[in-house]
Amino acid sequence: MISLEEKEKELQYYQDTLHEVKQEIGKVIVGQEEVIEQLIWAMLSDGHALLEGMPGVGKTMLIRTISEVLSFDFSRIQFTPDLMPSDITGTKMIEIHENGKQSFVFHEGPIFSNIVLADEINRATPKTQSSLLEAMAEKTVTIMGETRKVSSPFFVLATQNPIDMEGTYPLPEAQMDRFLLKINMGYPKKEELYEIIKRTTGTESYQVQKLLTTEKMQKIQLAVKEVLVSQELLDYTVQLIMATHPEEEYASELVKKYVRYGVGPRGVQSLIKVAKARAFCSGRFHVSKGDIKLAAIPVLRHRLFLNFEGEASGVKEDLILEDAIQYTDKVMNVR
């Protein structure tokens with residue numbers, strides 16, 4: 001059993017390593033600190049992330065750079081309407097041996113990697129999208145009656161564009177709930193555009209160091225699970241989730257007006273997991289109310305389902321959640 005001093009040194013080492021990881025990613029990716037931070041939260045929480053942004057903002061480059069810094073197995077799947085489930089999971093094929101006998105041999109698909117980039121995931125049919133479901137939820141793949149485990153750790157980092165929706169297949173609600181975070185990636189700032197030009201249009205190339213192994217990542221994930229959450233913050237989190245249910249007495253006004261279905265139990269589990277990861281990245285071993293509030297919008301925005309009035313008015317889920325957070329603050333202060 002290690003001493004408390006050794007434990008503190010170990011945690012400090014992990015937190016320093018995560019800081020170096022962010023700096024290394026920053027050698028290639030200009031700006032987008034908040035997006036990088038949220039992707040790291042997802043990985044520390046052993047979850048998957050959906051990255052949404054306009055074409056050309058660097059979604060694919062960011063995920064590829066993260067995989068290089070982490071030195072994990074990486075595969076990219078370009079989702080298209082003609083992509084088949086077996087193109088993702090792999091399949092059994094007949095092989096003829098030297099003695100003339102034939103047998104089925106399994107050929108692994110790109111799902112068997114530590115980091116799977118599902119690029120433009122909404123371009124594939126629902127049948128193909130659903131081939132990811134089992135792997136994302138159970139970390140197994142079943143092919144012709146045989147179940148195989150995927151790599152560990154295992155992350156699906158998917159991208160989609162908010163425009164050009166023609167010929168797309170919106171993700172099923174069940175599959176959306178499998179993503180721990182939905183991260184919005186915006187345009188870079190003016191000064192960041194100058195830096196992007198300097199880095200990408202000259203002869204200089206930027207190499208990154210490999211800083212984390214899969215074994216270290218699994219140890220950090222275990223350390224994140226040990227982060228403490230007080231009963232007071234659990235009460236606050238549960239109240240926040242209840243504030244997203246339109247039929248509840250303590251739902252906010254915007255929720256009652258625009259929401260059809262609120263956040264389910266997987267949402268509250270995910271919120272606590274990500275709040276712990278945020279606290280750990282901030283050098284703390286306990287969750288604060290700020291961790292809950294900062295994690296709430298990326299964790300919950302894709303778990304709200306709007307009613308007809310909400311869809312027609314164009315109200316954003318982020319605005320509804322901000323209203324629910326303010327309302328929860330008010331309710332909890334009353335108590």
Side-chain angles (χ1 to χ4, degrees), residues 39 42-51 59-61 63-160 167-180 210-222 266:
L39 279 170
M43 301 180 90
L44 295 185
S45 310
D46 198 18
H48 313 288
L50 176 62
L51 203 55
K59 300 185 292 295
T60 305
M61 174 65 77
I63 294 172
R64 186 179 289 279
T65 303
I66 287 176
S67 72
E68 288 174 5
V69 175
L70 300 186
S71 72
F72 291 0
D73 291 339
F74 172 77
S75 62
R76 174 183 176 178
I77 307 169
Q78 182 65 52
F79 278 61
T80 56
D82 60 350
L83 191 74
M84 299 297 290
S86 59
D87 295 329
I88 295 175
T89 60
T91 189
K92 285 185 175 180
M93 301 181 72
I94 294 177
E95 277 196 4
I96 302 174
H97 301 281
E98 290 179 354
N99 57 9
K101 288 188 175 178
Q102 298 180 348
S103 63
F104 281 103
V105 176
F106 178 68
H107 289 252
E108 289 186 348
I111 196 78
F112 291 91
S113 293
N114 296 119
I115 296 179
V116 178
L117 165 56
D119 215 0
E120 296 191 85
I121 191 171
N122 56 340
R123 295 275 167 203
T125 61
K127 182 179 179 181
T128 303
Q129 289 173 9
S130 65
S131 65
L132 282 173
L133 266 179
E134 181 186 349
M136 290 173 69
E138 309 296 336
K139 300 194 175 176
T140 58
V141 174
T142 303
I143 299 154
M144 297 177 71
E146 282 188 28
T147 301
R148 298 168 185 270
K149 285 189 176 180
V150 296
S151 306
S152 181
F154 173 70
F155 307 106
V156 172
L157 304 178
T159 71
Q160 67 177 12
T168 62
Y169 302 87
L171 290 168
E173 294 172 354
Q175 188 158 330
M176 286 293 284
D177 201 34
R178 295 291 193 276
F179 286 103
L180 185 69
K210 297 182 183 303
L211 294 175
L212 265 184
T213 62
T214 53
E215 291 77 16
K216 276 188 188 173
M217 173 59 86
Q218 287 170 327
K219 286 181 181 176
I220 297 175
Q221 287 175 336
L222 281 176
R266 192 177 283 129

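Taking CG of L51 as the reference point, atom NZ of K59 lies at 7.0 Å (rounded to 0.5 Å). A distance of 9.0 Å separates CG in D87 from CD1 in I77, rounded to the nearest 0.5 Å. Note: I111 CD1 to T89 OG1 = 8.0 Å, rounded to the nearest 0.5 Å. Distance check, rounded to the nearest 0.5 Å: OG1 of T214 to CG of D73 gives 8.0 Å.
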Practice item. Could you give me the CA-CA distance, side-chain angles and deciding distance for Q218 and S152, then say whether side chain to side chain contact (heavy atoms under 4.5 Å, CB included) is met? Key: CA-CA 8 Å; Q218 287 170 327; S152 181; 2.9 Å; yes

Check your understanding: Is there a side chain to side chain contact (heavy atoms under 4.5 Å, CB included) between E215 and K219 once you walk through the steps?
Key -> CA-CA 6 Å; E215 291 77 16; K219 286 181 181 176; 5.5 Å; no

**Study point:** Worked check of side chain to side chain donor-acceptor pair (under 3.5 Å) between S86 and T91
**Key:** CA-CA 6 Å; S86 59; T91 189; 5.4 Å; no

Exercise for review: Could you check L83 against R123 for side chain to side chain contact (heavy atoms under 4.5 Å, CB included), going step by step and ending with a plain yes or no?
Suggested key: CA-CA 9 Å; L83 191 74; R123 295 275 167 203; over 6 Å; no

Check your understanding: L50 and I121: side chain to side chain contact (heavy atoms under 4.5 Å, CB included), yes or no, with the steps?
Key -> CA-CA 9 Å; L50 176 62; I121 191 171; 4.2 Å; yes

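For the residue pair S75 and P110, the shortest heavy atom distance occurs at OG-O, 2.6 Å. Considering every non-hydrogen atom in both Q160 and L171, the closest pair reads OE1-CD1, 4.1 Å. Counting all heavy atoms, side chain and backbone alike, R178 lies closest to M136 at CB-CE, 3.8 Å. Residues T125 and P81 approach most closely at CG2-O, 3.7 Å, considering heavy atoms. Nearest heavy-atom pair, F106 versus I143, reported as atom, atom and distance to 0.1 Å: CE1-CD1, 3.2 Å. Among all heavy-atom pairs drawn from R76 and D119, the shortest one is NH2-OD2, 2.7 Å.
Here the side chains of M43 and I115 are in contact, with some heavy-atom distance below 4.5 Å. D46 is listed as a side-chain neighbour of F155, based on a closest heavy-atom distance under 4.5 Å. Looking at L44 and M217, their side chains come closer than 4.5 Å, going by heavy atoms from C-beta outward.
Applying the ring-ring contact (aromatic ring centres under 6.0 Å, His included) rule to pairs touching residues 66-87 yields nothing, sequence neighbours excluded.
Judged by distance alone, the side chain of N114 and the main-chain N or O of P153 form a donor-acceptor pair under 3.5 Å. Side-chain atoms of S71 come within 3.5 Å of backbone N or O of L212 as a donor-acceptor pair. Distance alone, capped at 3.5 Å, is enough to place a donor-acceptor pair between the T213 side chain and the K216 backbone.
With sequence neighbours excluded, the residues that form a side chain to side chain contact (heavy atoms under 4.5 Å, CB included) with L211 are E20, V21, E24, V69, Q209. Not counting sequence neighbours, the partners of T140 by the side chain to side chain contact (heavy atoms under 4.5 Å, CB included) test are E134, E138, T147, K149.
With respect to the salt-bridge test (charged N to carboxylate O, under 4.0 angstrom), the residues K92 and E146 qualify.
Atom CE of M61 sits in a sparse spot, with 12 or fewer heavy atoms from other residues, nucleotides or ligands closer than 6.0 Å.
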